[in-house]
Amino acid sequence: METAVVNFSQFSGLADGDCAGRIAAARGRLGERAVLLAHHYQRADVYRHADLTGDSLKLSRLAAQTEAEVIVFCGVHFMAEVADILSSERQTVVLPDLAAGCSMADMASLAKVERAWRELGEVLDADEEITPVTYINSAADLKAFCGRHGGIVCTSSNAADILRWGFARRPKALFFPDQHLGRWTARTMGIGADEIAVWDFDRPLGGLSESEIRRAKMLLWKGFCSVHQMFRPEHIRKFRGEHPEGFVISHPECCEEVCELSDYVGSTEYIIKTIAAAPANTRWLVGTELNLVQRISREFAPEGKVVKFMSPMVCMCSTMARIDPQHLAWCLESLANGEIVNRIKVPAEDAAHAKTALERMLAY
Ligand code: CIZ
Ligand code: SF4
């Protein structure tokens with residue numbers, strides 16, 4: 001392959017429509033050497049180019065199975081890391097824009113989790129009594145932390161099963177970074193409010209007393225997704241007033257009150273499957289990212305299903321949206337020219353331990 005450096009600045013001014021042709025042409029040149037994965041939250045003009053789509057669990061499984069030399073991941077940083085960890089040595093993972101992160105994942109860092117573990121270790125025997133459980137929305141070094149400390153990874157599709165795995169081994173769980181997914185899952189498992197404590201990572205001992213720590217079965221990291229906090233109980237009440245026959249479905253990253261008021265709560269895959277399986281002519285209010293809601297709204301309109309976004313505000317995941325047609329066109333043309341740009345490579349030691357925690361999840 002000839003090598004020619006293509007600078008992104010040559011792409012930044014391209015119109016979205018012009019990118020589509022260049023993306024298709026570069027994909028044609030790459031053929032089966034590249035596979036394009038897109039998360040449900042990706043914008044329509046990126047999503048339409050994907051070979052494989054799904055939530056992060058499904059995409060991580062697919063990444064492990066694909067044979068392609070290059071995995072182009074249209075999603076956010078932690079997802080590309082998972083693809084790198086689960087794919088083979090000869091495969092390369094690229095993220096079209098390295099600034100595509102996850103603000104929730106950034107709320108937990110290895111330094112803060114290690115400090116929490118140390119502080120918990122002053123009150124109890126952390127490695128005997130606590131299973132660290134990280135939501136897949138977290139950096140690879142936190143997954144590696146879980147791998148090293150008998151812990152595991154979960155997604156919004158399997159959080160309850162994974163917590164059951166943890167509680168079968170140790171009496172407590174430290175769940176990071178999303179307090180809302182952790183709290184909702186604990187509640188559905190019958191864990192009482194008095195057994196749930198929030199670990200405020202900016203305060204000594206998480207802002208808890210020793211007796212609160214001893215009593216807690218679930219210790220919830222004080223992180224959240226700002227996109228899903230835009231959905232409020234009043235949006236559901238208004239919808240119920242106007243459409244008493246309608247259904248409400250929310251993502252477990254929403255606050256507890258929103259989940260409580262919803263008819264159904266689950267991951268993006270669950271949301272899509274539930275609405276797909278519903279009778280024709282039903283009406284839905286959906287509390288998750290806008291691109292996904294707009295896509296299913298279009299997809300299910302021919303069946304007479306009315307699918308509406310829960311918030312009156314336009315709230316997209318701005319970091320997901322960094323993967324735009326310009327970056328995708330640049331990345332694919334560079335690859336077609338033999339130049340790998342924006343490679344995501346997790347350092348070997350972290351990758352090995354993170355893989356342990358991911359494989360515990362995938363095996364369960
Ligand atoms: O796990 C994922 O892909 C995320 C971030 C959301 C969901 O529920 O699918
Ligand atoms: Fe992260 Fe929230 Fe965006 Fe999901 S929607 S990637 S949790 S910031």
Side-chain angles (χ1 to χ4, degrees), residues 37-43 46-47 50 52-63 73-83 86 95 97-108 133-139 142-143 152-162 175-182 184-185 188 221-231 249-255 258-259 262 264-276 286-296 309-311 313-323 358 361-362:
L37 268 51
H39 188 266
H40 288 141
Y41 293 162
Q42 286 293 304
R43 42 191 281 183
V46 167
Y47 191 89
L52 304 165
T53 61
D55 65 357
S56 53
L57 176 63
K58 186 169 154 197
L59 290 174
S60 53
R61 285 211 168 100
L62 293 170
F73 210 114
C74 298
V76 290
H77 195 270
F78 72 82
M79 298 179 186
E81 285 184 330
V82 171
L86 295 179
L95 181 66
D97 185 349
L98 292 178
C102 164
S103 52
M104 176 217 278
D106 293 343
M107 289 176 189
V133 179
T134 188
Y135 188 20
I136 196 157
N137 295 39
S138 58
L142 291 181
K143 295 185 177 83
I152 190 163
V153 179
C154 79
T155 74
S156 45
S157 311
N158 61 18
D161 284 338
I162 296 303
F175 189 94
F176 44 85
D178 187 24
Q179 59 173 304
H180 298 290
L181 174 65
W184 181 252
T185 309
T188 61
W221 198 258
K222 204 183 175 185
F224 58 88
C225 165
S226 43
V227 178
H228 287 84
Q229 300 324 294
M230 304 290 279
F231 307 119
I249 188 161
S250 303
H251 195 279
E253 287 171 20
C254 294
C255 71
V258 163
C259 293
S262 299
Y264 305 93
V265 179
S267 68
T268 55
E269 280 288 316
Y270 173 84
I271 291 172
I272 296 167
K273 284 189 186 136
T274 305
I275 302 180
V286 186
T288 196
E289 210 272 342
L290 183 63
N291 283 298
L292 165 56
V293 180
Q294 286 179 333
R295 184 176 323 115
I296 57 179
F309 187 58
M310 192 179 287
S311 171
M313 318 260 278
V314 175
C315 46
M316 298 198 291
C317 174
S318 55
T319 47
M320 280 272 177
R322 285 190 178 268
I323 310 292
L358 280 161
M361 169 182 82
L362 293 170

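Both counts, for ligands and for their atoms, begin at 1 and track the order of listing. What's counted below: heavy atoms across the whole structure, side chains too, no hydrogens, waters or symmetry copies.
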Classify the ring geometry of F309 against F231: parallel below 30°, tilted from 30° to 60°, perpendicular beyond 60°. perpendicular

How long is the straight-line distance from CG of N137 back to OG of S156, given to the nearest 0.5 Å? 7.5 Å

So, does R322 use its side chain to make a donor-acceptor pair with the main chain of G101 at under 3.5 Å? no

Those residues at least two apart in sequence (or on a different chain) that pass side chain to side chain contact (heavy atoms under 4.5 Å, CB included) with K58 are D55, L62, E269

How long is the gap from CD1 on I136 to CE on M361, to the nearest 0.5 Å? 4.5 Å

Worked verdict on T53 versus H40 for side chain to side chain donor-acceptor pair (under 3.5 Å): CA-CA 7 Å; T53 61; H40 288 141; 5.2 Å; no

I'd like to check the side chain to side chain donor-acceptor pair (under 3.5 Å) partners of Q294; sequence neighbours left out, ordered by chain and number. none

For a quick check: using heavy atoms under 4.0 Å, what are the residues in contact with ligand 1, sorted by chain and number? H39, Y41, D55, S56, N137, S156, H251, S267, T268

Atoms of type N, O or S from protein under 2.8 Å of atom 3 (Fe) of ligand 2, total 1

Interatomic distance, Q179 atom CD to W221 atom CH2 [nearest 0.5 angstrom]: 12.0 Å

Could you give me the CA-CA distance, side-chain angles and deciding distance for E253 and M104, then say whether side chain to side chain contact (heavy atoms under 4.5 Å, CB included) is met? CA-CA 10 Å; E253 287 171 20; M104 176 217 278; 3.7 Å; yes

